2 protein chains.
Amino acid sequence: METVGEASAGGRAGWLEAGFDALAEGGVANVRVEVLAKRLGVTKGGFYWHFRDRPELLSALLADWRDGRIRTIDQQTSRLGGEPVATALRRLLDLYLGRGNPRGTAIELAVRDWARRQTEAADAVAAVDRHRLECVSRLFAQMNFAPEQAFARAYLFYAFIFGQSLLVCDRHAADMARTRETCAQLLVGE
Amino acid sequence: METVGEASAGGRAGWLEAGFDALAEGGVANVRVEVLAKRLGVTKGGFYWHFRDRPELLSALLADWRDGRIRTIDQQTSRLGGEPVATALRRLLDLYLGRGNPRGTAIELAVRDWARRQTEAADAVAAVDRHRLECVSRLFAQMNFAPEQAFARAYLFYAFIFGQSLLVCDRHAADMARTRETCAQLLVGE
DNA sequence: GTCAGTCAATACGGAAGCGTATGGAAACGG
DNA sequence: CCGTTTCCATACGCTTCCGTATTGACTGAC
């Protein structure tokens with residue numbers, strides 16, 4: 001496939017990818033058409049072939065993010081070979097605490113900040129949260145917590161995950177890892 | 001005091017106030033000179049009398065916020081008449097959970113989002129967090145937790161406060177209040 | 001009245017950003 | 001060759017935003 005200019009955005013997917021990169025780096029205000037075009041090494045002509053306008057890109061980013069997050073939750077919360085519930089919860093927690101996916105975290109926080117001010121974003125986050133809280137509640141319920149208690153623990157679980165990303169601690173990394181480990185133990189009881 | 005035009009920004013403090021309002025509503029990208037001027041019912045001439053440029057306003061907002069947050073922490077974490085520690089912690093937690101200060105919360109979250117991308121903001125947040133974590137650690141230590149455990153609990157305490165603001169739950173308000181109450185009990189043990 | 005200080009309005013030039021219109025280029029099929 | 005589809009580049013007009021320069025208005029002190 002040969003393209004018009006020297007560079008190519010990689011089609012619609014390329015624009016979405018650039019959108020997520022910009023979102024991760026600077027929040028939704030950073031998702032701008034000409035900025036994305038420059039990032040992709042093209043001009044904005046192609047953008048307007050794929051998307052009617054900027055809001056359509058933003059909607060596409062939200063839908064993409066929402067569907068992707070929901071798609072991975074069941075898998076992330078499934079117990080491998082009937083392992084202890086606490087182990088499954090710890091594995092899930094470690095996905096976030098390990099700092100192994102800074103881009104994913106940055107996108108998540110950017111979307112959540114956006115959701116504080118825009119209905120469509122809030123709806124996407126609500127859908128993701130609903131599913132996640134249900135899945136993690138189910139895990140806590142398997143630890144014989146009553147439904148309300150299970151839900152509250154799932155709520156605390158996710159609040160911690162996102163909240164700790166917002167705290168700025170200037171302690172040693174090793175100390176912070178220990179602190180998070182202690183919090184993890186408080187959260188999942190192991 | 002009569003002023004030049006019909007409207008008056010209320011001096012430097014007025015501009016800072018407008019800046020905080022804009023910050024609360026739309027994050028740091030929303031803090032724009034002409035937008036603030038319009039909000040105050042004046043033009044931007046006076047802004048440039050008080051501030052050299054936009055970055056100077058942003059720095060002032062950060063310093064103001066940091067100093068204000070630090071100033072209130074000791075008072076917020078002092079135990080009234082030797083009351084139980086848990087009571088003091090609950091009172092502190094309720095400042096955030098009660099939704100009684102949406103503007104303060106919005107500003108706090110906007111500053112924290114800003115801090116993810118800008119050093120000066122991150123430094124301000126770090127200073128506030130350091131002080132808060134120390135004060136709340138001290139309270140947990142009075143409950144006879146070891147220093148590391150006390151700190152971890154303080155960390156979890158604040159992570160929960162900010163994290164729950166980022167979650168979007170479409171359950172009934174009464175249900176959510178009950179959930180938060182359960183989380184509060186898990187956090188302070190009462 | 002004059003001067004200095006405080007605080008502001010306005011005009012201007014430049015930059016960034018958006019969306020629209022138009023034209024270009026490549027590939028493919030008839 | 002022509003038409004269609006895909007994907008893009010470019011020019012343009014408009015809006016928003018920024019910072020600078022200049023001028024205006026009011027108050028208080030001398």
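Quick note: numbers below take in every heavy atom, side chains included, and nothing from hydrogens, waters or symmetry partners. Throughout, protein chains are lettered first and strands after them, A, B, ... in sequence-line order, and every chain is numbered starting at 1. Since this is a predicted model, take the numbers as computed values, not measurements.
- A:Val33 and A:Trp49 fall into different hydrophobic clusters, where Ile, Leu, Val, Met, Phe, Trp and Tyr are joined by side-chain heavy atoms under 4.5 Å apart, directly or via other members.
- To the nearest angstrom, P of C:dA8 lies 13 Å from CZ of B:Arg12.
- In this structure, B:Lys38 places its NZ atom 13 Å from P of D:dT15, rounding to the nearest Å.
- One can place CH2 of B:Trp15 at 11 Å from P of D:dC18, the figure rounded to the nearest angstrom.
- Across C:dC7, C:dG19, D:dC7, the shortest atom-to-atom separation from the side chain of A:Pro55 is found for C:dG19.
- Summarising the geometry, the separation between CG on A:Leu40 and P on D:dC7 is reported as 14 Å, rounded to the nearest angstrom.
- Applying the salt bridge (Lys or Arg N to Asp or Glu O under 4.0 Å) test to residues at least two apart or on different chains, the pairs with a partner in residues 51-61 of chain A are A:Arg52-A:Glu56.
- Rounded to whole Å, atom P of C:dA8 lies 13 Å from atom CG of B:Leu36.
- Put simply, CD on B:Glu34 is 16 Å from P on C:dA16, counting in whole angstrom units.
- OP1 or OP2 of C:dA8 lies within a sub-4.0 Å distance of a side-chain N or O belonging to B:His50.
- Contacts of B:Tyr48 with the nucleic acid, taken as non-hydrogen atoms under 4.0 Å apart, include base atoms.
- Distance from the side chain of B:Arg54 is smallest for D:dC18 among the nucleotides C:dG19, C:dC7, D:dC18.
- Using a distance-only test at 3.5 Å, with no hydrogens or angles considered, a donor-acceptor pair links the side chain of B:Arg117 to the main chain of A:Glu25.
- Annotation: cation-pi pair A:Arg171/B:Tyr155 absent, no NZ/CZ under 6.0 Å from the ring centroid and within 45° of its normal.
- C:dA8 atom P lies 12 Å from atom CZ of B:Phe47, rounded to whole Å.
- The residue among A:Arg52 and A:Val35 whose nearest nucleotide of DNA chain C lies closer to the 5′ end is A:Val35.
- Rounding to whole angstrom units, NZ of residue B:Lys44 and P of D:dT22 are separated by 16 Å.
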